[in-house]
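Here the structure is laid out as structure tokens; the discussion comes afterwards.
As the structure is a computational prediction, the values presented were derived from the model and not from experiment. Any value given below was found using the heavy atoms of this structure, including those in side chains, with hydrogens, waters and symmetry copies removed.
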Amino acid sequence: TAWKTANGTLYLDANKDGTSKTGGDIVSDKEYRNFELQLDWKIDKNGNSGVIIYSNENKDKYRWMWETGPEIQIVDNEGHPDGKIFKHQAGDLYDLIPAKEKAANAPLEWNHYLIRCVDGKLDIFLNDVHVVSTTMWNDNWKSLIANSKFKNASDFGTYKSGRIGLQDHGNN
């Protein structure tokens with residue numbers, strides 16, 4: 001219930017201290033295998049969030065959508081501590097692949113993502129700049145996960161169909 005709409009914009013209604021009022025990630029009703037997602041986003045100063053893909057919503061097994069779904073990072077690179085970490089900046093495939101170029105606009109300015117995945121070929125464009133290209137579910141993908149903070153999450157990045165979500169990280 002913390003997610004609101006106004007003037008055609010979906011946003012997280014957060015408290016002034018950055019905590020969400022009632023919390024919760026928001027995910028698609030349907031699962032997707034092949035998709036192209038385009039969205040415009042902006043983040044508050046010092047904010048952090050992300051777009052999660054291929055999330056499995058088995059609540060008996062997983063508490064958070066990031067336990068299974070890779071994240072395309074949305075963050076204030078300069079203002080949030082996570083934005084100062086390699087592979088945790090806007091445009092990065094969070095903790096897996098850094099963006100090839102810095103293409104994010106400043107906080108409170110609009111950005112555009114085009115996220116396309118067809119038969120495991122994942123491409124991410126940030127403000128029309130091709131920032132990430134990889135193939136999911138092959139040996140290289142498994143190596144990326146093995147060398148990330150998700151190495152002990154046995155199902156992370158393994159689902160070939162799943163929901164798409166926006167992360168409640170407490171920021172608008």
Side-chain angles (χ1 to χ4, degrees), residues 1-6 9-32 35-59 61-99 103-105 107-117 122 124-127 131-132 136 144-145 148-150 152-153 155-159 161-172:
T1 58
W3 293 93
K4 308 289 182 193
T5 58
T9 301
L10 175 68
Y11 67 96
L12 182 69
D13 189 17
N15 293 313
K16 291 187 184 205
D17 66 358
T19 60
S20 58
K21 293 180 179 177
T22 53
D25 300 327
I26 189 169
V27 297
S28 62
D29 290 333
K30 293 172 30 177
E31 292 190 359
Y32 298 90
F35 63 89
E36 179 173 294
L37 172 67
Q38 293 193 53
L39 61 100
D40 294 313
W41 62 269
K42 63 181 173 177
I43 192 75
D44 205 356
K45 289 185 180 189
N46 306 319
N48 185 2
S49 188
V51 178
I52 308 287
I53 59 175
Y54 296 109
S55 174
N56 183 290
E57 287 291 298
N58 180 344
K59 294 297 184 187
K61 202 169 180 184
Y62 312 112
R63 184 170 176 196
W64 308 105
M65 66 178 173
W66 54 260
E67 290 178 81
T68 58
E71 174 184 351
I72 296 89
Q73 179 73 307
I74 293 174
V75 69
D76 173 0
N77 288 336
E78 300 302 319
H80 191 279
D82 220 29
K84 296 174 182 20
I85 300 172
F86 181 63
K87 296 190 275 187
H88 290 202
Q89 297 184 338
D92 292 354
L93 187 58
Y94 184 84
D95 212 59
L96 299 173
I97 301 173
N105 293 324
L108 302 173
E109 292 182 20
W110 286 105
N111 293 274
H112 181 78
Y113 266 145
L114 184 152
I115 303 164
R116 179 186 305 125
C117 195
L122 175 63
I124 302 168
F125 295 80
L126 173 56
N127 297 325
V131 293
V132 172
M136 300 177 73
L144 290 170
I145 294 170
S148 76
K149 69 187 276 181
F150 305 106
N152 296 321
D155 294 335
F156 179 84
T158 62
Y159 287 96
S161 179
R163 297 176 192 260
I164 298 172
L166 296 175
Q167 184 182 42
D168 171 359
H169 212 294
N171 301 110
N172 300 21

At their closest point, which heavy atom of [X] faces which heavy atom of [Y], and how far apart are they?
| X | Y | result |
| --- | --- | --- |
| Val131 | Ala103 | CG1-CB, 4.3 Å |
| Glu67 | Ala153 | O-CB, 4.1 Å |
| Leu96 | Lys87 | O-CD, 3.4 Å |
| Ser161 | Glu31 | OG-OE1, 3.6 Å |
| His88 | Gln73 | O-NE2, 2.9 Å |
| Asn77 | Ala90 | OD1-N, 2.9 Å |

What distance do [X] atom [atom1] and [Y] atom [atom2] have between them, rounded to the nearest 0.5 Å?
| X | Y | atom1 | atom2 | value |
| --- | --- | --- | --- | --- |
| Asn58 | Thr68 | CG | OG1 | 9.5 Å |
| Leu126 | Ile115 | CG | CD1 | 9.5 Å |
| Asp40 | Asn127 | CG | CG | 9.0 Å |
| Tyr159 | Ser55 | OH | OG | 9.5 Å |
| Ser28 | Ile52 | OG | CD1 | 12.0 Å |

Donor-acceptor pair, [X] side chain versus [Y] backbone, under 3.5 Å?
| X | Y | result |
| --- | --- | --- |
| Ser49 | Ile74 | no |
| Asp95 | Lys149 | yes |
| Asp25 | Asp168 | yes |
| Tyr94 | Val51 | no |
| Asp13 | Tyr11 | no |

State whether a side-chain donor-acceptor pair under 3.5 Å links His112 with Gln38.
-> yes

Specify whether Phe156 and Phe150 have parallel, tilted or perpendicular ring planes, treating 30° as the upper limit for parallel and 60° as the lower limit for perpendicular.
-> parallel

Should the pair Tyr32 and Phe35 be assigned to parallel (<30°), tilted (30 to 60°) or perpendicular (>60°) ring geometry?
-> perpendicular

Tell me, yes or no, whether the heavy-atom count around Glu78 atom CD, taken from other residues, nucleotides or ligands under 6.0 Å, exceeds 12.
-> no

Decide if atom NZ of Lys59 counts as having more than 12 heavy atoms of other residues, nucleotides or ligands within a radius under 6.0 Å.
-> yes

Apply the test side chain to side chain contact (heavy atoms under 4.5 Å, CB included) to residues Trp110 and Asn105: give CA-CA distance (whole Å), side-chain angles for both, the deciding distance (0.1 Å), then the verdict.
-> CA-CA 7 Å; Trp110 286 105; Asn105 293 324; 5.8 Å; no

Is there side-chain contact between [X] and [Y], with at least one heavy-atom pair below 4.5 Å?
| X | Y | value |
| --- | --- | --- |
| Lys61 | Asp155 | yes |
| Ile97 | Asp92 | no |
| Met136 | Tyr54 | yes |
| Ile53 | Leu37 | no |

Applying side chain to side chain contact (heavy atoms under 4.5 Å, CB included), run through Arg163 and Met65 and close with a yes or a no.
-> CA-CA 9 Å; Arg163 297 176 192 260; Met65 66 178 173; over 6 Å; no

Given side chain to side chain contact (heavy atoms under 4.5 Å, CB included), test Leu12 with Trp3 step by step and report yes or no.
-> CA-CA 5 Å; Leu12 182 69; Trp3 293 93; 3.8 Å; yes

Side chain to side chain contact (heavy atoms under 4.5 Å, CB included) evaluation trace for Leu122 with Leu93 | CA-CA 10 Å; Leu122 175 63; Leu93 187 58; 3.9 Å; yes

